[in-house]
There are 2 protein chains.
Amino acid sequence: MEAFKRAWTLEGEPFWSAVFFMHQDKMQVKNPKVAIFNLEKIITATFKLANAKGFQAMSLRDLSRETGISMGGLYAYIGSKNDLASVIEGVLRTYIDRVIGELVDEDLDPVDRLQAIICGEIFMIQIMNPWYYFCYMELKGLDKEQQQQAMDLELRFDSLLVDAIQSGISKGQFVCEKPTLLAASVTAQLQQWHLKHWKFKLHEVSMEEYAEHILESMLRCLQYEGAARSIGRRK
Amino acid sequence: MEAFKRAWTLEGEPFWSAVFFMHQDKMQVKNPKVAIFNLEKIITATFKLANAKGFQAMSLRDLSRETGISMGGLYAYIGSKNDLASVIEGVLRTYIDRVIGELVDEDLDPVDRLQAIICGEIFMIQIMNPWYYFCYMELKGLDKEQQQQAMDLELRFDSLLVDAIQSGISKGQFVCEKPTLLAASVTAQLQQWHLKHWKFKLHEVSMEEYAEHILESMLRCLQYEGAARSIGRRK
DNA sequence: GTCTATACAACGATAGAC
DNA sequence: GTCTATCGTTGTATAGAC
(Lines give C-alpha, C1' and ligand atoms only; values in the text may rest on other atoms or scores of the structure.)
Protein backbone atom coordinates (compact mmCIF):
# COMPACT_ATOMS: atom_id res chain seq x y z
CA MET A 1 0.00 0.00 0.00
CA GLU A 2 2.68 2.47 1.01
CA ALA A 3 4.81 1.15 -1.82
CA PHE A 4 1.88 1.62 -4.16
CA LYS A 5 1.56 5.25 -3.14
CA ARG A 6 5.21 5.94 -3.71
CA ALA A 7 5.34 4.02 -6.97
CA TRP A 8 2.65 6.22 -8.48
CA THR A 9 3.62 9.41 -6.70
CA LEU A 10 0.16 9.80 -5.25
CA GLU A 11 0.94 11.82 -2.16
CA GLY A 12 3.04 14.52 -0.60
CA GLU A 13 4.94 17.33 -2.26
CA PRO A 14 5.98 15.36 -5.38
CA PHE A 15 2.32 14.69 -6.16
CA TRP A 16 1.21 18.30 -5.84
CA SER A 17 4.25 19.33 -7.79
CA ALA A 18 3.08 17.10 -10.63
CA VAL A 19 -0.40 18.61 -10.41
CA PHE A 20 1.14 22.07 -10.65
CA PHE A 21 3.22 21.23 -13.72
CA MET A 22 0.14 19.79 -15.44
CA HIS A 23 -1.35 23.27 -15.83
CA GLN A 24 1.17 25.85 -14.87
CA ASP A 25 0.40 27.48 -18.20
CA LYS A 26 -3.06 28.40 -16.96
CA MET A 27 -1.72 29.93 -13.75
CA GLN A 28 -0.41 33.43 -13.20
CA VAL A 29 1.75 32.45 -10.25
CA LYS A 30 5.02 31.23 -11.69
CA ASN A 31 7.07 30.59 -8.57
CA PRO A 32 6.74 26.80 -8.12
CA LYS A 33 7.46 26.86 -4.40
CA VAL A 34 4.55 29.12 -3.52
CA ALA A 35 2.29 27.95 -6.33
CA ILE A 36 2.42 24.30 -5.29
CA PHE A 37 1.82 25.18 -1.66
CA ASN A 38 -1.27 27.24 -2.36
CA LEU A 39 -2.62 24.98 -5.09
CA GLU A 40 -2.75 22.16 -2.57
CA LYS A 41 -4.55 24.41 -0.08
CA ILE A 42 -7.10 25.45 -2.71
CA ILE A 43 -7.89 21.97 -3.97
CA THR A 44 -8.02 20.46 -0.49
CA ALA A 45 -10.38 23.20 0.65
CA THR A 46 -12.51 22.67 -2.46
CA PHE A 47 -12.91 19.02 -1.53
CA LYS A 48 -13.85 19.89 2.03
CA LEU A 49 -16.51 22.37 0.94
CA ALA A 50 -17.78 20.71 -2.24
CA ASN A 51 -17.93 17.22 -0.79
CA ALA A 52 -19.91 18.63 2.13
CA LYS A 53 -22.48 20.79 0.36
CA GLY A 54 -21.79 20.52 -3.36
CA PHE A 55 -19.53 22.42 -5.71
CA GLN A 56 -22.24 24.69 -7.08
CA ALA A 57 -23.42 25.54 -3.58
CA MET A 58 -19.87 26.41 -2.54
CA SER A 59 -19.04 30.03 -3.28
CA LEU A 60 -15.61 31.44 -3.98
CA ARG A 61 -16.11 33.50 -0.85
CA ASP A 62 -16.37 30.24 1.09
CA LEU A 63 -13.23 29.03 -0.63
CA SER A 64 -11.44 32.26 0.16
CA ARG A 65 -12.35 31.96 3.84
CA GLU A 66 -11.32 28.30 4.01
CA THR A 67 -7.94 28.78 2.31
CA GLY A 68 -7.10 32.14 3.84
CA ILE A 69 -6.41 33.44 0.34
CA SER A 70 -8.31 36.54 -0.76
CA MET A 71 -10.84 36.44 -3.60
CA GLY A 72 -8.50 38.30 -5.89
CA GLY A 73 -5.66 36.02 -4.88
CA LEU A 74 -7.59 32.90 -5.89
CA TYR A 75 -7.74 34.09 -9.48
CA ALA A 76 -3.96 33.91 -9.69
CA TYR A 77 -4.37 30.13 -9.41
CA ILE A 78 -7.58 29.41 -11.25
CA GLY A 79 -9.08 30.83 -14.42
CA SER A 80 -12.65 30.60 -13.17
CA LYS A 81 -14.75 28.58 -10.78
CA ASN A 82 -15.64 26.04 -13.43
CA ASP A 83 -12.01 25.84 -14.44
CA LEU A 84 -11.19 24.64 -10.93
CA ALA A 85 -13.60 21.71 -11.23
CA SER A 86 -12.33 20.98 -14.71
CA VAL A 87 -8.72 20.90 -13.52
CA ILE A 88 -9.55 18.49 -10.71
CA GLU A 89 -11.31 16.12 -13.10
CA GLY A 90 -8.43 16.36 -15.54
CA VAL A 91 -5.80 15.48 -12.95
CA LEU A 92 -7.71 12.45 -11.67
CA ARG A 93 -8.44 11.17 -15.16
CA THR A 94 -4.79 11.51 -16.17
CA TYR A 95 -3.69 9.53 -13.13
CA ILE A 96 -6.29 6.82 -13.59
CA ASP A 97 -5.32 6.56 -17.23
CA ARG A 98 -1.70 6.07 -16.26
CA VAL A 99 -2.43 3.42 -13.63
CA ILE A 100 -4.92 1.58 -15.86
CA GLY A 101 -2.35 1.41 -18.61
CA GLU A 102 0.02 -0.44 -16.30
CA LEU A 103 -2.67 -2.73 -14.94
CA VAL A 104 -2.77 -4.67 -18.18
CA ASP A 105 -0.50 -7.66 -17.81
CA GLU A 106 -1.60 -10.32 -20.22
CA ASP A 107 0.97 -12.81 -18.99
CA LEU A 108 -0.63 -13.18 -15.58
CA ASP A 109 -3.05 -15.93 -14.72
CA PRO A 110 -6.64 -14.64 -15.20
CA VAL A 111 -7.37 -14.88 -11.49
CA ASP A 112 -4.25 -12.93 -10.59
CA ARG A 113 -5.10 -10.43 -13.29
CA LEU A 114 -8.51 -9.82 -11.77
CA GLN A 115 -6.96 -9.50 -8.35
CA ALA A 116 -4.43 -6.98 -9.64
CA ILE A 117 -7.15 -4.87 -11.26
CA ILE A 118 -9.44 -4.92 -8.22
CA CYS A 119 -6.69 -4.22 -5.70
CA GLY A 120 -5.07 -1.59 -7.89
CA GLU A 121 -8.30 0.30 -8.36
CA ILE A 122 -9.35 0.13 -4.74
CA PHE A 123 -5.90 1.36 -3.67
CA MET A 124 -6.36 4.25 -6.05
CA ILE A 125 -9.80 5.07 -4.65
CA GLN A 126 -8.57 4.80 -1.09
CA ILE A 127 -5.65 7.18 -1.65
CA MET A 128 -7.48 9.66 -3.86
CA ASN A 129 -10.85 9.30 -2.15
CA PRO A 130 -11.94 12.98 -2.27
CA TRP A 131 -10.91 13.24 -5.91
CA TYR A 132 -13.08 10.29 -6.90
CA TYR A 133 -16.05 11.45 -4.88
CA PHE A 134 -15.80 14.97 -6.23
CA CYS A 135 -15.59 13.85 -9.86
CA TYR A 136 -18.45 11.39 -9.44
CA MET A 137 -20.83 13.92 -7.91
CA GLU A 138 -19.85 16.99 -9.90
CA LEU A 139 -19.49 15.48 -13.36
CA LYS A 140 -22.80 17.02 -14.45
CA GLY A 141 -21.37 20.49 -13.93
CA LEU A 142 -18.55 20.00 -16.44
CA ASP A 143 -18.82 20.41 -20.19
CA LYS A 144 -20.13 17.64 -22.42
CA GLU A 145 -16.70 16.72 -23.73
CA GLN A 146 -15.30 16.10 -20.28
CA GLN A 147 -18.38 14.09 -19.32
CA GLN A 148 -17.86 11.91 -22.35
CA GLN A 149 -14.20 11.36 -21.53
CA ALA A 150 -15.12 10.28 -18.01
CA MET A 151 -17.66 7.81 -19.38
CA ASP A 152 -15.12 6.50 -21.88
CA LEU A 153 -12.64 5.96 -19.07
CA GLU A 154 -15.18 3.95 -17.07
CA LEU A 155 -15.93 1.84 -20.13
CA ARG A 156 -12.21 1.27 -20.62
CA PHE A 157 -11.94 0.05 -17.04
CA ASP A 158 -14.89 -2.29 -17.58
CA SER A 159 -13.12 -3.61 -20.67
CA LEU A 160 -10.06 -4.39 -18.59
CA LEU A 161 -12.19 -6.69 -16.47
CA VAL A 162 -14.01 -8.16 -19.46
CA ASP A 163 -10.69 -9.00 -21.12
CA ALA A 164 -9.45 -10.81 -18.04
CA ILE A 165 -12.75 -12.66 -17.75
CA GLN A 166 -12.66 -13.75 -21.37
CA SER A 167 -9.07 -14.88 -21.07
CA GLY A 168 -10.18 -17.09 -18.17
CA ILE A 169 -13.10 -18.41 -20.17
CA SER A 170 -10.93 -19.43 -23.09
CA LYS A 171 -8.58 -21.16 -20.69
CA GLY A 172 -11.52 -23.11 -19.31
CA GLN A 173 -11.16 -21.62 -15.82
CA PHE A 174 -14.28 -19.46 -15.86
CA VAL A 175 -17.87 -19.82 -16.98
CA CYS A 176 -19.76 -16.61 -17.63
CA GLU A 177 -22.70 -15.77 -19.86
CA LYS A 178 -22.57 -12.01 -19.54
CA PRO A 179 -19.06 -10.73 -18.85
CA THR A 180 -20.15 -7.16 -19.55
CA LEU A 181 -22.73 -7.19 -16.78
CA LEU A 182 -20.38 -8.85 -14.33
CA ALA A 183 -17.68 -6.28 -15.05
CA ALA A 184 -20.15 -3.42 -14.58
CA SER A 185 -21.20 -4.93 -11.27
CA VAL A 186 -17.59 -5.11 -10.05
CA THR A 187 -16.98 -1.50 -11.10
CA ALA A 188 -20.09 -0.51 -9.17
CA GLN A 189 -18.87 -2.29 -6.07
CA LEU A 190 -15.47 -0.62 -6.29
CA GLN A 191 -17.09 2.80 -6.60
CA GLN A 192 -19.06 2.09 -3.45
CA TRP A 193 -15.80 2.39 -1.55
CA HIS A 194 -15.91 6.15 -1.96
CA LEU A 195 -19.65 6.63 -2.55
CA LYS A 196 -20.82 4.81 0.58
CA HIS A 197 -17.90 5.27 2.90
CA TRP A 198 -20.32 5.85 5.80
CA LYS A 199 -21.72 2.34 5.37
CA PHE A 200 -18.35 0.61 5.51
CA LYS A 201 -17.35 2.70 8.49
CA LEU A 202 -20.59 1.77 10.23
CA HIS A 203 -20.02 -1.94 9.62
CA GLU A 204 -16.31 -1.62 10.34
CA VAL A 205 -15.20 -3.08 7.02
CA SER A 206 -11.55 -2.59 6.12
CA MET A 207 -10.29 -1.94 2.61
CA GLU A 208 -8.48 -5.29 2.46
CA GLU A 209 -11.59 -7.12 3.65
CA TYR A 210 -13.71 -5.38 1.04
CA ALA A 211 -11.30 -6.02 -1.84
CA GLU A 212 -11.19 -9.67 -0.88
CA HIS A 213 -14.96 -9.83 -0.76
CA ILE A 214 -15.31 -8.33 -4.23
CA LEU A 215 -12.79 -10.76 -5.72
CA GLU A 216 -14.32 -13.74 -3.99
CA SER A 217 -17.86 -12.83 -5.09
CA MET A 218 -16.62 -12.35 -8.62
CA LEU A 219 -14.91 -15.73 -8.71
CA ARG A 220 -18.07 -17.40 -7.46
CA CYS A 221 -20.04 -15.73 -10.24
CA LEU A 222 -17.42 -17.03 -12.66
CA GLN A 223 -17.88 -20.53 -11.21
CA TYR A 224 -14.18 -20.69 -10.53
CA GLU A 225 -13.27 -24.03 -8.98
CA GLY A 226 -10.90 -22.69 -6.39
CA ALA A 227 -13.28 -19.94 -5.33
CA ALA A 228 -13.78 -21.16 -1.79
CA ARG A 229 -10.17 -22.07 -1.15
CA SER A 230 -8.74 -18.98 -2.70
CA ILE A 231 -9.68 -16.90 0.32
CA GLY A 232 -6.88 -18.13 2.53
CA ARG A 233 -4.33 -18.61 -0.19
CA ARG A 234 -4.42 -15.13 -1.69
CA LYS A 235 -3.48 -12.45 0.75
CA MET B 1 -45.19 -4.39 -14.40
CA GLU B 2 -48.29 -2.46 -15.39
CA ALA B 3 -50.12 -4.17 -12.55
CA PHE B 4 -47.32 -3.15 -10.22
CA LYS B 5 -47.71 0.48 -11.24
CA ARG B 6 -51.44 0.44 -10.66
CA ALA B 7 -51.19 -1.47 -7.40
CA TRP B 8 -48.96 1.20 -5.89
CA THR B 9 -50.53 4.16 -7.67
CA LEU B 10 -47.22 5.22 -9.13
CA GLU B 11 -48.38 7.02 -12.23
CA GLY B 12 -50.95 9.28 -13.79
CA GLU B 13 -53.34 11.68 -12.14
CA PRO B 14 -53.98 9.54 -9.04
CA PHE B 15 -50.27 9.57 -8.26
CA TRP B 16 -49.86 13.33 -8.57
CA SER B 17 -53.06 13.75 -6.61
CA ALA B 18 -51.47 11.78 -3.78
CA VAL B 19 -48.36 13.95 -4.00
CA PHE B 20 -50.54 17.03 -3.76
CA PHE B 21 -52.43 15.82 -0.69
CA MET B 22 -49.12 15.05 1.01
CA HIS B 23 -48.23 18.77 1.09
CA GLN B 24 -51.35 20.75 0.41
CA ASP B 25 -50.90 22.40 3.80
CA LYS B 26 -47.68 24.02 2.58
CA MET B 27 -49.27 25.27 -0.63
CA GLN B 28 -51.22 28.46 -1.19
CA VAL B 29 -53.15 27.08 -4.15
CA LYS B 30 -56.12 25.23 -2.71
CA ASN B 31 -58.03 24.23 -5.84
CA PRO B 32 -56.95 20.57 -6.29
CA LYS B 33 -57.67 20.52 -10.01
CA VAL B 34 -55.24 23.30 -10.89
CA ALA B 35 -52.80 22.58 -8.07
CA ILE B 36 -52.22 18.98 -9.13
CA PHE B 37 -51.80 19.97 -12.75
CA ASN B 38 -49.16 22.60 -12.03
CA LEU B 39 -47.41 20.63 -9.31
CA GLU B 40 -46.74 17.91 -11.84
CA LYS B 41 -45.41 20.46 -14.30
CA ILE B 42 -43.09 21.97 -11.68
CA ILE B 43 -41.66 18.70 -10.41
CA THR B 44 -41.24 17.25 -13.89
CA ALA B 45 -39.45 20.40 -15.03
CA THR B 46 -37.26 20.28 -11.92
CA PHE B 47 -36.16 16.77 -12.87
CA LYS B 48 -35.39 17.82 -16.41
CA LEU B 49 -33.27 20.78 -15.32
CA ALA B 50 -31.70 19.39 -12.15
CA ASN B 51 -30.88 16.00 -13.59
CA ALA B 52 -29.18 17.76 -16.50
CA LYS B 53 -27.10 20.38 -14.71
CA GLY B 54 -27.74 19.98 -11.00
CA PHE B 55 -30.32 21.40 -8.65
CA GLN B 56 -28.11 24.17 -7.29
CA ALA B 57 -27.12 25.24 -10.80
CA MET B 58 -30.77 25.40 -11.83
CA SER B 59 -32.29 28.81 -11.10
CA LEU B 60 -35.94 29.49 -10.37
CA ARG B 61 -35.88 31.61 -13.53
CA ASP B 62 -34.94 28.46 -15.47
CA LEU B 63 -37.79 26.67 -13.76
CA SER B 64 -40.18 29.50 -14.54
CA ARG B 65 -39.23 29.39 -18.22
CA GLU B 66 -39.51 25.59 -18.39
CA THR B 67 -42.91 25.39 -16.69
CA GLY B 68 -44.40 28.52 -18.21
CA ILE B 69 -45.32 29.66 -14.71
CA SER B 70 -44.05 33.07 -13.59
CA MET B 71 -41.54 33.47 -10.77
CA GLY B 72 -44.22 34.82 -8.47
CA GLY B 73 -46.56 32.04 -9.48
CA LEU B 74 -44.08 29.35 -8.49
CA TYR B 75 -44.16 30.56 -4.90
CA ALA B 76 -47.82 29.63 -4.68
CA TYR B 77 -46.69 26.00 -4.99
CA ILE B 78 -43.40 25.93 -3.11
CA GLY B 79 -42.23 27.61 0.05
CA SER B 80 -38.69 28.08 -1.19
CA LYS B 81 -36.23 26.51 -3.59
CA ASN B 82 -34.85 24.20 -0.93
CA ASP B 83 -38.39 23.29 0.06
CA LEU B 84 -38.95 21.95 -3.44
CA ALA B 85 -36.02 19.54 -3.14
CA SER B 86 -37.11 18.58 0.32
CA VAL B 87 -40.63 17.80 -0.87
CA ILE B 88 -39.34 15.60 -3.68
CA GLU B 89 -37.16 13.62 -1.30
CA GLY B 90 -40.05 13.31 1.14
CA VAL B 91 -42.45 11.92 -1.46
CA LEU B 92 -39.98 9.32 -2.72
CA ARG B 93 -39.03 8.20 0.78
CA THR B 94 -42.68 7.83 1.77
CA TYR B 95 -43.38 5.67 -1.27
CA ILE B 96 -40.28 3.52 -0.81
CA ASP B 97 -41.20 3.08 2.84
CA ARG B 98 -44.66 1.91 1.85
CA VAL B 99 -43.41 -0.56 -0.77
CA ILE B 100 -40.62 -1.88 1.47
CA GLY B 101 -43.13 -2.53 4.22
CA GLU B 102 -45.08 -4.81 1.90
CA LEU B 103 -41.99 -6.55 0.55
CA VAL B 104 -41.52 -8.43 3.81
CA ASP B 105 -43.19 -11.79 3.42
CA GLU B 106 -41.61 -14.22 5.84
CA ASP B 107 -43.65 -17.14 4.61
CA LEU B 108 -42.00 -17.20 1.21
CA ASP B 109 -39.08 -19.43 0.35
CA PRO B 110 -35.81 -17.48 0.84
CA VAL B 111 -35.04 -17.56 -2.89
CA ASP B 112 -38.48 -16.25 -3.78
CA ARG B 113 -38.14 -13.64 -1.07
CA LEU B 114 -34.89 -12.39 -2.61
CA GLN B 115 -36.47 -12.35 -6.03
CA ALA B 116 -39.44 -10.38 -4.75
CA ILE B 117 -37.19 -7.79 -3.12
CA ILE B 118 -34.93 -7.38 -6.15
CA CYS B 119 -37.77 -7.24 -8.68
CA GLY B 120 -39.86 -4.97 -6.49
CA GLU B 121 -37.05 -2.48 -6.01
CA ILE B 122 -35.99 -2.45 -9.65
CA PHE B 123 -39.61 -1.90 -10.72
CA MET B 124 -39.72 1.02 -8.33
CA ILE B 125 -36.50 2.49 -9.73
CA GLN B 126 -37.66 1.99 -13.30
CA ILE B 127 -40.96 3.76 -12.75
CA MET B 128 -39.66 6.54 -10.53
CA ASN B 129 -36.28 6.85 -12.24
CA PRO B 130 -35.91 10.66 -12.12
CA TRP B 131 -37.00 10.72 -8.48
CA TYR B 132 -34.29 8.25 -7.48
CA TYR B 133 -31.60 9.97 -9.50
CA PHE B 134 -32.52 13.37 -8.14
CA CYS B 135 -32.52 12.22 -4.53
CA TYR B 136 -29.24 10.37 -4.93
CA MET B 137 -27.41 13.30 -6.47
CA GLU B 138 -28.94 16.13 -4.47
CA LEU B 139 -29.02 14.56 -1.01
CA LYS B 140 -26.07 16.71 0.08
CA GLY B 141 -28.15 19.85 -0.42
CA LEU B 142 -30.82 18.81 2.07
CA ASP B 143 -30.65 19.26 5.83
CA LYS B 144 -28.82 16.80 8.05
CA GLU B 145 -32.02 15.24 9.36
CA GLN B 146 -33.25 14.36 5.90
CA GLN B 147 -29.85 12.99 4.94
CA GLN B 148 -29.92 10.74 7.98
CA GLN B 149 -33.41 9.50 7.14
CA ALA B 150 -32.30 8.60 3.63
CA MET B 151 -29.34 6.67 5.00
CA ASP B 152 -31.57 4.90 7.50
CA LEU B 153 -33.90 3.90 4.69
CA GLU B 154 -31.02 2.41 2.70
CA LEU B 155 -29.87 0.47 5.76
CA ARG B 156 -33.41 -0.78 6.25
CA PHE B 157 -33.44 -2.03 2.66
CA ASP B 158 -30.09 -3.77 3.21
CA SER B 159 -31.58 -5.40 6.31
CA LEU B 160 -34.43 -6.76 4.22
CA LEU B 161 -31.90 -8.61 2.10
CA VAL B 162 -29.83 -9.71 5.09
CA ASP B 163 -32.93 -11.16 6.76
CA ALA B 164 -33.81 -13.18 3.68
CA ILE B 165 -30.21 -14.37 3.40
CA GLN B 166 -30.10 -15.46 7.03
CA SER B 167 -33.39 -17.24 6.71
CA GLY B 168 -31.90 -19.19 3.82
CA ILE B 169 -28.76 -19.94 5.82
CA SER B 170 -30.70 -21.35 8.75
CA LYS B 171 -32.68 -23.50 6.34
CA GLY B 172 -29.42 -24.85 4.97
CA GLN B 173 -30.04 -23.46 1.47
CA PHE B 174 -27.40 -20.75 1.51
CA VAL B 175 -23.80 -20.41 2.64
CA CYS B 176 -22.57 -16.87 3.29
CA GLU B 177 -19.84 -15.49 5.53
CA LYS B 178 -20.68 -11.83 5.21
CA PRO B 179 -24.38 -11.27 4.49
CA THR B 180 -24.01 -7.55 5.19
CA LEU B 181 -21.46 -7.08 2.43
CA LEU B 182 -23.44 -9.16 -0.02
CA ALA B 183 -26.59 -7.15 0.69
CA ALA B 184 -24.71 -3.87 0.22
CA SER B 185 -23.40 -5.14 -3.09
CA VAL B 186 -26.90 -6.01 -4.32
CA THR B 187 -28.20 -2.60 -3.27
CA ALA B 188 -25.33 -1.01 -5.19
CA GLN B 189 -26.20 -3.02 -8.29
CA LEU B 190 -29.85 -2.02 -8.07
CA GLN B 191 -28.91 1.65 -7.76
CA GLN B 192 -26.85 1.34 -10.92
CA TRP B 193 -30.10 1.02 -12.81
CA HIS B 194 -30.71 4.73 -12.40
CA LEU B 195 -27.14 5.91 -11.81
CA LYS B 196 -25.64 4.35 -14.93
CA HIS B 197 -28.60 4.24 -17.24
CA TRP B 198 -26.34 5.26 -20.17
CA LYS B 199 -24.28 2.10 -19.74
CA PHE B 200 -27.25 -0.26 -19.88
CA LYS B 201 -28.66 1.61 -22.84
CA LEU B 202 -25.30 1.31 -24.59
CA HIS B 203 -25.14 -2.42 -23.99
CA GLU B 204 -28.83 -2.83 -24.70
CA VAL B 205 -29.63 -4.49 -21.40
CA SER B 206 -33.32 -4.71 -20.48
CA MET B 207 -34.67 -4.30 -16.97
CA GLU B 208 -35.80 -7.93 -16.81
CA GLU B 209 -32.41 -9.14 -18.00
CA TYR B 210 -30.65 -7.03 -15.40
CA ALA B 211 -32.89 -8.11 -12.52
CA GLU B 212 -32.30 -11.72 -13.48
CA HIS B 213 -28.56 -11.15 -13.60
CA ILE B 214 -28.52 -9.62 -10.13
CA LEU B 215 -30.52 -12.48 -8.65
CA GLU B 216 -28.44 -15.12 -10.37
CA SER B 217 -25.15 -13.54 -9.26
CA MET B 218 -26.45 -13.31 -5.74
CA LEU B 219 -27.48 -16.96 -5.66
CA ARG B 220 -24.06 -17.98 -6.89
CA CYS B 221 -22.45 -15.96 -4.10
CA LEU B 222 -24.78 -17.75 -1.70
CA GLN B 223 -23.66 -21.08 -3.15
CA TYR B 224 -27.28 -21.96 -3.82
CA GLU B 225 -27.56 -25.40 -5.37
CA GLY B 226 -30.15 -24.55 -7.96
CA ALA B 227 -28.35 -21.38 -9.03
CA ALA B 228 -27.62 -22.45 -12.56
CA ARG B 229 -30.97 -24.05 -13.21
CA SER B 230 -33.00 -21.30 -11.62
CA ILE B 231 -32.48 -19.04 -14.63
CA GLY B 232 -34.96 -20.76 -16.85
CA ARG B 233 -37.39 -21.76 -14.17
CA ARG B 234 -37.98 -18.34 -12.63
CA LYS B 235 -39.46 -15.86 -15.02
C1' DG C 1 2.40 37.66 -5.68
C1' DT C 2 -1.28 39.29 -2.76
C1' DC C 3 -4.39 42.42 -1.17
C1' DT C 4 -8.73 45.75 -0.99
C1' DA C 5 -12.30 47.75 -3.38
C1' DT C 6 -15.62 47.47 -6.55
C1' DA C 7 -18.31 46.27 -10.78
C1' DC C 8 -22.34 44.31 -12.19
C1' DA C 9 -25.02 40.31 -13.40
C1' DA C 10 -27.98 36.90 -11.45
C1' DC C 11 -30.07 35.04 -7.62
C1' DG C 12 -34.16 33.97 -4.38
C1' DA C 13 -37.94 36.06 -2.63
C1' DT C 14 -41.94 39.37 -1.96
C1' DA C 15 -45.53 43.05 -2.63
C1' DG C 16 -49.32 44.48 -4.85
C1' DA C 17 -52.08 44.94 -9.16
C1' DC C 18 -55.28 42.28 -11.65
C1' DG D 1 -54.74 32.11 -8.70
C1' DT D 2 -51.43 34.46 -11.54
C1' DC D 3 -48.93 38.12 -13.11
C1' DT D 4 -45.32 42.16 -13.29
C1' DA D 5 -42.19 44.86 -10.98
C1' DT D 6 -38.89 45.28 -7.77
C1' DC D 7 -36.38 44.50 -3.39
C1' DG D 8 -32.04 43.21 -1.15
C1' DT D 9 -28.48 39.79 -1.32
C1' DT D 10 -25.03 37.15 -3.04
C1' DG D 11 -22.53 35.46 -6.77
C1' DT D 12 -18.28 35.60 -10.01
C1' DA D 13 -14.89 38.27 -11.70
C1' DT D 14 -11.66 42.27 -12.30
C1' DA D 15 -8.88 46.66 -11.61
C1' DG D 16 -5.45 48.75 -9.40
C1' DA D 17 -2.80 49.71 -5.03
C1' DC D 18 0.93 47.71 -2.55
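Residue numbering restarts at 1 for every chain, and letters A, B, ... go by the order of the sequence lines. If you're wondering where the values come from, they're calculated on a predicted model, not measured in any experiment.
- A donor-acceptor pair is defined here as one N or O able to donate and one able to accept, closer than 3.5 Å; no such pair exists between the side chain of A:S64 and the backbone of A:L60.
- Using a 30° and 60° split on the angle between ring planes, B:Y210 and B:W193 fall in the parallel class, below 30°.
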Side-chain donor-acceptor pairs of residues 94-103 of chain B under 3.5 Å, sequence neighbours excluded:
unit_1, atom_1, unit_2, atom_2, d
B:T94, OG1, B:G90, O, 2.7
B:D97, OD1, B:R156, NH1, 2.6

Candidate pair A:Q149 and A:E89, rule side-chain hydrogen bond (donor to acceptor under 3.5 Å, both in side chains), full reasoning: CA-CA 10 Å; A:Q149 286 174 325; A:E89 198 277 338; over 6 Å; no
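- Between the side chain of A:T187 and the backbone N or O of A:A183, at least one donor-acceptor pair lies under 3.5 Å.
- Without hydrogens or angle criteria, A:S159 side chain to A:L155 main chain gives a donor-acceptor distance under 3.5 Å.
- Between the A:H203 side chain and the A:K199 main chain, a donor and an acceptor come within less than 3.5 Å of each other.
- At least one side-chain nitrogen or oxygen of A:R61 sits closer than 4.0 Å to the OP1 or OP2 atom of D:dG11.
- A distance-only check finds a donor-acceptor pair linking the side chain of A:D62 to the backbone of A:S59 [under 3.5 Å].
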Would you mind writing out the side-chain donor-acceptor pairs for residues 133-145 of chain B within the sub-3.5 Å range, not counting sequence neighbours?
unit_1, atom_1, unit_2, atom_2, d
B:E138, OE2, B:F55, N, 3.0

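- One can place CG of B:L60 at 15 Å from C1' of D:dT9, the figure rounded to the nearest angstrom.
- The nucleotide range of DNA chain C contacted by chain A, defined by atoms under 4.0 angstrom from heavy atoms of the protein and reported 5' to 3', is C:dG1 to C:dT4.
- Evaluation of the salt bridge (charged side-chain N to carboxylate O under 4.0 Å, His left out) rule for B:D163 yields no partner, not counting sequence neighbours.
- Taken residue by residue, residues 19-56 of chain A places no heavy atom nearer than 4.0 Å to DNA chain D.
- For DNA chain D, the neighbouring residues in residues 70-90 of chain A, judged by any heavy atom under 4.0 Å, are A:M71, A:G72, A:Y75, A:S80, A:K81.
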